[in-house]
Amino acid sequence: QVHLVESGGGLVQAGGSLRLSCVASGRTAGSYAMGWFRQAPGKEREFVASISWSGGHTYYADSVKGRFTISRVDFKKTLYLDMNSLEPEDTGVYCCAAVQKWQDIVVRGPMEYDYWGQGTQVTVSS
């Protein structure tokens, strides 16, 4: 079992920045692709970004491309999401997810992930 805990959310004005973190614990041995998803009130969960187990491949939703950066530091067992030029539309609960993959690939579909964190709230005011 892999346990994921997010932090770093908060209230920020439009145009501001935040860094989200996701720390993994438990049975983390192996190669895991990881991702960030978000869910706004009344809306379905939305893919934000994914990173392969090596960190060599990343993929972003069009809505965040050029503004958000996903990264990982494996010796810290930590996944990051750097969010810049935040917009009110970025408001939501942000969750990290992990799935074990032997291929060094990104994973975009939420149904493909096995482990999820509880989420951290991001609120962007206009």
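Please read all numbers here as calculations on a predicted model, not as lab measurements. Note that the numbering runs from 1 along the sequence shown for the chain.
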For residues 10-21, tabulate all N or O donor-acceptor pairs below 3.5 Å that involve a side-chain atom, not counting sequence neighbours.
| residue | atom | partner | partner atom | Å |
| --- | --- | --- | --- | --- |
| S17 | OG | N84 | OD1 | 2.8 |
| R19 | NE | D82 | OD1 | 2.8 |
| R19 | NH2 | D82 | OD2 | 3.2 |

Quiz: residues 27-34 side-chain donor-acceptor pairs under 3.5 angstrom, not counting sequence neighbours:
| residue | atom | partner | partner atom | Å |
| --- | --- | --- | --- | --- |
| T28 | OG1 | K77 | NZ | 3.0 |
| Y32 | OH | R27 | O | 3.0 |

Please list every donor-acceptor pair under 3.5 Å in which a side-chain atom of residues 106-114 meets a protein atom from a residue at least two apart or in another chain.
| residue | atom | partner | partner atom | Å |
| --- | --- | --- | --- | --- |
| R108 | NH1 | Y59 | OH | 3.2 |
| Y113 | OH | S50 | OG | 3.3 |
| Y113 | OH | V107 | O | 2.6 |

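By the rule that hydrophobic residues join a cluster once side-chain heavy atoms approach within less than 4.5 Å of another member, V99 and I70 end up as members of separate clusters. By the rule that hydrophobic residues join a cluster once side-chain heavy atoms approach within less than 4.5 Å of another member, Y60 and W53 end up as members of separate clusters. The hydrophobic cluster containing F37 does not contain V124, counting ILVMFWY residues as joined when their side-chain heavy atoms lie under 4.5 angstrom apart, directly or transitively.
Checking side-chain atoms of T78 against main-chain N and O of K76 turns up a donor-acceptor pair under 3.5 Å.
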Just do the side chain to side chain contact (heavy atoms under 4.5 Å, CB included) check on W116 and V2 with the steps written out, would you? CA-CA 9 Å; W116 292 85; V2 175; over 6 Å; no
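A salt bridge links R72 to D74: one of the charged nitrogens lies within less than 4.0 Å of a carboxylate oxygen.
In this view, E87 and R67 satisfy the salt bridge (charged side-chain N to carboxylate O under 4.0 Å, His left out) rule, not counting sequence neighbours. Residues forming a side chain to side chain donor-acceptor pair (under 3.5 Å) with Q118 (at least two apart in sequence, or on another chain): none. In this structure, the side chain to side chain donor-acceptor pair (under 3.5 Å) partners of S54, at least two apart in sequence or on a different chain, are D104. The side-chain contact (heavy atoms from CB on, under 4.5 Å) check on Q103 picks up K101, I105, with sequence neighbours excluded. Partners of K65 by salt bridge (charged side-chain N to carboxylate O under 4.0 Å, His left out), not counting sequence neighbours, listed by chain and number: D62.
The salt bridge (charged side-chain N to carboxylate O under 4.0 Å, His left out) pairs that include a residue from residues 33-45 are R38-E46, R38-D90, where partners are two or more places apart or lie in different chains. Applying the disulfide (SG to SG under 2.5 Å) test to residues at least two apart or on different chains, the pairs with a partner in residues 95-126 are C22-C96. Counting only residues at least two apart or in different chains, disulfide (SG to SG under 2.5 Å) contacts with residues 33-72 are absent.
In the hydrophobic clustering, where aliphatic and aromatic side chains (Ile, Leu, Val, Met, Phe, Trp, Tyr) are joined below 4.5 Å either directly or transitively, V73 groups with F75, Y80.
Pairing each heavy atom of V48 with each of F68, the nearest pair is CG1-CD2, 3.8 Å. Taking each heavy atom of S71 and I51 in turn, the nearest pair found is CA-CD1, 3.8 Å.
Not less than 6.0 angstrom separates the ring centroid of F47 from the ring centroid of W36.
Between T91 and Q121 there is a side-chain heavy-atom pair separated by less than 4.5 Å. Using a 4.5 Å heavy-atom cutoff, the side chains of Y94 and L81 are in contact.
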